[in-house]
Structures are given as C-alpha cells and as structure tokens.
There are 2 protein chains.
Amino acid sequence: MKKGRVTITDIARELRIAPSTVSRALKDHPALKKETKDAVRALAKKLDYQPNLLALNLLQKKSNTIGVIVPEITSHFFSAIITGIQDVIGSSEYNIMICLSNESYEEEAVIIKKLLKIQVDGVLVSPTSATKNFDHFRTLQKNDIPVVVFDRDCPGLEADKVLVDDYAGAFQAVEYLIKSGCTRIAHLGGPLNLSTTKHRLQGYLDALEEAGIPIRKEYIEHVPGFSHDDGLKPAEKLLKLEDLPDAIFAMNDNIAISAMHIARKMALKIPEDISIVGFDDEPHSSYFRPSLSTVWQPVYSLGMLSARIILHRLNDKGPQKNFRQEVFKPELVLRASSRECASRKNDKVKL
Amino acid sequence: MKKGRVTITDIARELRIAPSTVSRALKDHPALKKETKDAVRALAKKLDYQPNLLALNLLQKKSNTIGVIVPEITSHFFSAIITGIQDVIGSSEYNIMICLSNESYEEEAVIIKKLLKIQVDGVLVSPTSATKNFDHFRTLQKNDIPVVVFDRDCPGLEADKVLVDDYAGAFQAVEYLIKSGCTRIAHLGGPLNLSTTKHRLQGYLDALEEAGIPIRKEYIEHVPGFSHDDGLKPAEKLLKLEDLPDAIFAMNDNIAISAMHIARKMALKIPEDISIVGFDDEPHSSYFRPSLSTVWQPVYSLGMLSARIILHRLNDKGPQKNFRQEVFKPELVLRASSRECASRKNDKVKL
DNA sequence: AAAGACTATGCAAAGGTTTGCATTTTCCTA
DNA sequence: TAGGAAAATGCAAACCTTTGCATAGTCTTT
C-alpha cells in the first residue's frame, strides 16, 4: 500500500499489463479486447482512480481554464453576468478564473500576463473604462488564445463580441421622457471612452435631436465613477442650474438613485417636478420610492452566450476568423420615477 | 527557429550546456559561476523565456490554485468578501477559482469533487444554507488540503474560521430598539440551520429576554431566501397581525427593505409607527427613504483575513492543527428607519 | 607528483499520461 | 504446420522542470 493517489501505473502493475494499455482501456480504445477493458475498469473503480489532470495539462499544453476579466464584481451587473458564465462553463470540462481589474488599465495588463503565464485556453473580457489600447488582448490572440469581449466593446479589435444595444436603450428612454412631456432633459453620463456610456450619451443626444430639442451643454454632466457616491455632486450641479431640468437620464441606476436623493433633499417632487430614469435595472431599483424607471439588460443571458461562444471556439480549434458579434436588445422598464406618457396611458406601469 | 514557447532546453542547447545548469542559473544556485549565470540570464531575457507552470505543477503536485466556494455572488456581501480575498491572493503566487454553490448542498458537493480533481492547494468556503453535513470538507482535509471557513460556521468541523459575531450584532440592534421605546419587536429570520441567521435570532431572543419582554411566537417569521422578494409575504404576515409590531428586526437588508415596502403600502409611518432595522449595510441601504438602520459587517476585511490565513497554512506545510478562529465585531449603524433613543439622543445619526 | 579538496557542471530520474510505432500473440487458411 | 493477416498489447518518447548524485576539472598542499 503506497501513499498518494492511485495512478495508471499502479493499476498496470497490479494487472501485470502496460500503463499504455490501462490508458487505452479507460478511453475505450477499439483495439483492446473486452476482458482487458473490463478488468482495468473494475480495478480503477475499486481503487477509486482519478486521472491526474496536472499531467494531462502538461501533455496537452493547456490548462483547461478560461480567464474572465471584469472591472469589478460588487455591482449586480457584473456578478449576474459571471453567474451566467459560470452556469454554462460549470458543466463543461473547463474551469473559470475570475480576475478583477478594478477599472485600472495597468491591473488589466498585469492580469493578461498572469493568464498567459498559467496558459489559459481562452479569455472572456470586459475591459476597464481606462482601456484605450487593446494590444494586450491581441497578444492573447497571437498566442492562439481566443478572446471574447462582452458588454464593453473594444473598437478595432477583431474578436467575438457579445454586446448590448446601449444606444437603443438610451434612445428609447429619452424618447419616452420627451413623449411624457419633458423638455429640459439632462444626462448624467459616464466615461467618454467607454463604449457603453458613450453609446448611451449618443442615444440621448439623438433622441433629443430627433424631437427637435436643442442640446444644452450645461445639461450634460459626467460622473467620475459608477457608484452612488460618484453621482451626488454632478447631480447637485444639474439641480442647481437656473433653468432646472425636468428630467434626468442617468447612465446607471446607482447614479439615478444619487440624483433622486439630491432631488428629494431639494424638495423636488418625483416625477411631478422631475423625472428620473436609470440604466441596468438593479434588483433593488424597484424598491425605491418612487420606484425607479430604468433600462433592463439581459445580463444573465449575456453571460451565458459569451460562455457558449468561447466554448465553441475552443472546440473548433480552427484559425480565428468569422468573428461573431451578438447584440442584445435592452428594454425600457417604466416605474414611478417617470411621468406617464399620454400615448401610453393605458400601459401598465410595472410595480 | 522552432514554434511554441521557449523552454529551458532551448536555452541549454544554444549555450551548449545542460538544462539543469540553466535551471540552476535562473534560480541563482550558489554552485554556478557568475559567467554561466550571466550568459543564461542574458539569453533567457533575449528569448523572453517564460517558465512553464504546467510542468511545475506536475512536478510539485500542486496547482497553485485556491478554491473559493460561495453560495452566490450577486449580493454585495459575498462579492465584497471575494474582492477582499482577491486583493490578498492576487499578489501571491496563487490563483483563485471562484465556485458558486447556489445555496445547494448537492452543487457544493460536486464542486468539492471538482476541486479535488484539479488538485487545488487550499479551499475557502462559506457553506450553503442547506449544508448540514461537513464530511465533504473533511475529505479535503484528509487530502491535505487546508480549509478555511468564512462567515457561515460549520459547527463541529475543525478548521480555521473567520466569522462575524452575528449574535452581538443582533443583540445590539434589538437592544437599541428596546431602548428607543419599542416593545412589540418582531423578527424576520432566515434558515435555522445556518449559523449566521441562527445567531441573529438568538441575539434577538436574548435581548428581549434581558429586557424582560416576553417572546411572542407570532412575532417571528422565517423567510425562504435572502432576496427582496422572499421577504414580502412574511413581512405582510407580521404587519397584518392584530397586535401590530412596533419594530421589525430583519435578518438582512434585503428583507428589511421588503418590510419597509409593505409597511409603506399599509400607510405605516417609519419609524413613527414602526422601526425597521436590517443587517449587512449594503451600499444602497443608506439611499432608501427613510435610510435604513442596519448592522454593518467588515466584509472586505473578512475576505482579506480569510485569504491571509490560508496563505499562511499553505506556507507552513505542517500538520493541520491549532486552528484559528477569528471573530469580527459588527457595528450598529443608526439611520432614519429607527426611532431615536432617549439615551442616545446626542449621537449623530449617520446620513 | 600525487593525493585531496573544492568548484562547476552534467546525468538521469521523477512527476502521470498519451500515442505512434513496434512487437507479440492469436487465429485462420492454404 | 508454416505463413500471414489480424488482433492485442507493449515500448518509449514527449510534455518541461527540478534535484540528488556523479563526474570532470581545477587548484592546493604535502
């Protein structure tokens, strides 16, 4: 009785056959006769043989690991995407390694190096808001590691992409605000080099333009981050304007909630005095008073599809080409923080 | 020029020395003379040599991976813990592999098997609310894989543990409610076999008892899950009692917010008619109106400490004994959903 | 000049599995 | 029963690195 786990050689020795035969028996190789296979399988089961994946990894030069790079996981948005990814990858042969870039380009670059070092087989990535150059992702591709970009686009990078039509979501939201009678619509936007927030801004601008409402620069504020606290000052700035906005379209729910917070402090009535619409539909957004109108994104599906695409790439093994670009449609969720719209008066308002 | 990455043998061949010499040169072995080392290092740098971790893993029979098992990551609670873990492990030689058990004992057991298969070096785990038997964790330990339990205790399991004094947190919260004049204090509790929610219930009970307030069975409801929606029905049940509670201590913020939601629907004034206190201090809790009084937990530190402890175990390599048990103190955070307390009137109420 | 000490480097095994090719065994046919 | 085909199994290399031990080389000392 030796220590350590049972190896293929242990089984071979006990059966007085070669390790290669054991290996083949376990993989049901056609050249082996049934008795041998049966004997091997029986003993393997009896000894509770577990193949040594570490050895396999070396042999196959792959780690069976897929790296997932996200800016953070404390928001519901990314954690729900990861849950979707996990649910798909979990039932495959692969493991996932979640890496947090903390919205820092430098950390992201370090993570890429680490993933190269451990020889991941593929990478799912949502770049940081500071990432303008995508060469580190190209390095992965040059090493035959497929890259799937999700949610946040990397313009110019040729890779599979799973995105959300942020432009359409924003356009719809602002279009609704206009229809509901708002004319002085402000925007709390995010970083300008981030595809998602850039497209949301563009949707806002185009919706105004289409309605013939002139763009007012002072109605657009950019927030320094994505959490509640980051929205407070910019929201205050908007709400202290002489010509008070009658609506705010915020780039995410957290910021929308900051705006609601400030509005209430200033004794503004929501939505009578000011409508507020967010983006993301975080789970608690419907529990605020008034409940927050927002734009829902299919986060879980987005995670699942991204995972499926990379699994497909990993099975295909061909040269990387014919990249897919999938775009999910977001949906406007109307609740109580926006006024009712004449043409929609009969629609039910959720919650 | 051969394809694939540069190996130690490539360097050896080019320098006409043995691979072992190259290996030693790169590790600054004292027996080698300086010129050899310099030559090797120079060439290694020139060729951008990257050690093959897969080979090392096989040789050392370790994967350099630490498994982290959590019930979910969509709550701020666990995602913040994971961020703490990541921040510590990230600067070590180890990688972390996050696994979601979805509050299912079966999935947790499957995860353990998977982690054994890939030969993780250590495991950090917060068990599911359905886990009553800890033998699968003991299996890890028998395979010399250190286990660190965090947040949710596994009674009877000998392992390092990083916990929160939920009892004290709950006791303080309820004690405060009593001091603030509440007498009909209800509790929205969680699963009874989960250490955290069990201790919160016990803290509630003992605080009442110490104040000489009789326990009323109808004032205690157990919710089926941890999210907002799970709290609605139980909260409604409490608020439809003939003898209406004048306070609710909820087992977490989500449930507290459900209770606030129902209370408002019933036109109850918070905190005048009813005080509500949660547990967790989620980031958005202070943005509700009224802002939620709750019990804060040092989630980030909890993650960091858990990670440090397992790193320590992994470096120590000795037999597993002298298990540590660290208990963090939570803190009552008073906001506007609870009445002011006579003896505390001068304390500032946060936010 | 030979023995001994020391320095620098190489050899080979180990870690577990897979797989192309070689070899053995079996069985059938002439 | 030899010959050959077919079936079953074994050999050894490969994946890459580390490390105990052996060896080659150099220098010192008597």
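Numbered from 1 within each chain, the chains take letters A, B, ... in sequence-line order. Side-chain atoms are counted along with the backbone in the values below, which use heavy atoms only and exclude waters and symmetry mates.
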Please tell me which of the listed nucleotides, [options], lies nearest to the side chain of [X]?
X: B:A55; options: D:dC16, D:dG20, D:dT18; answer: D:dC16
X: A:T36; options: C:dG16, C:dT9, D:dA8; answer: D:dA8
X: A:A18; options: C:dT19, D:dT17, D:dC11; answer: D:dC11

Self-check item: Any side-chain donor near an acceptor of the partner, B:T128 and B:T131, under 3.5 Å
Solution: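 Short answer, yes.
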What's [X] touching, base or sugar-phosphate or nothing? Going by heavy atoms closer than 4.0 Å.
X: A:L56; value: sugar-phosphate
X: B:L59; value: base
X: A:T7; value: sugar-phosphate

Self-check item: Under 4.0 Å protein heavy-atom contact, by nucleotide of nucleotides 22-28 of chain C - B base, S sugar-phosphate only
Solution: -------
Practice problem: Classify the side chain of A:R24 and the base of C:dG20 as holding, or not holding, a donor-acceptor pair under 3.5 Å. | Solution: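 Under the 3.5 Å cut-off, the side chain and the base do form a donor-acceptor pair.
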Self-check item: Nearest-nucleotide 5' precedence on DNA chain C, A:T21 against B:I17
Solution: B:I17
Quiz item: B:E35 side chain to B:D38 main-chain N or O, any donor-acceptor pair under 3.5 Å?
Solution: no
Quiz item: Should A:Y300 and A:I81 be marked as a side-chain contact (heavy atoms from CB on, under 4.5 Å) after you check the CA-CA gap, both sets of side-chain angles, and the distance that decides it?
Solution: CA-CA 5 Å; A:Y300 184 73; A:I81 291 179; over 6 Å; no
Exercise. Taking the side chain as every heavy atom from C-beta outward, state whether B:E108 and B:H136 have any pair of such atoms under 4.5 Å apart.
Key: yes
Quiz prompt | Geometric cation-pi criterion, B:R324 with B:F150: 6.0 Å, 45° | solution = no
Quiz prompt | Between C:dT7 (P) and B:K34 (NZ): distance, integer Å | solution = 18 Å
Practice problem: Enter the distance from B:F323:CZ to B:K161:NZ here, rounded to the nearest 0.5 Å. | Solution: 9.5 Å
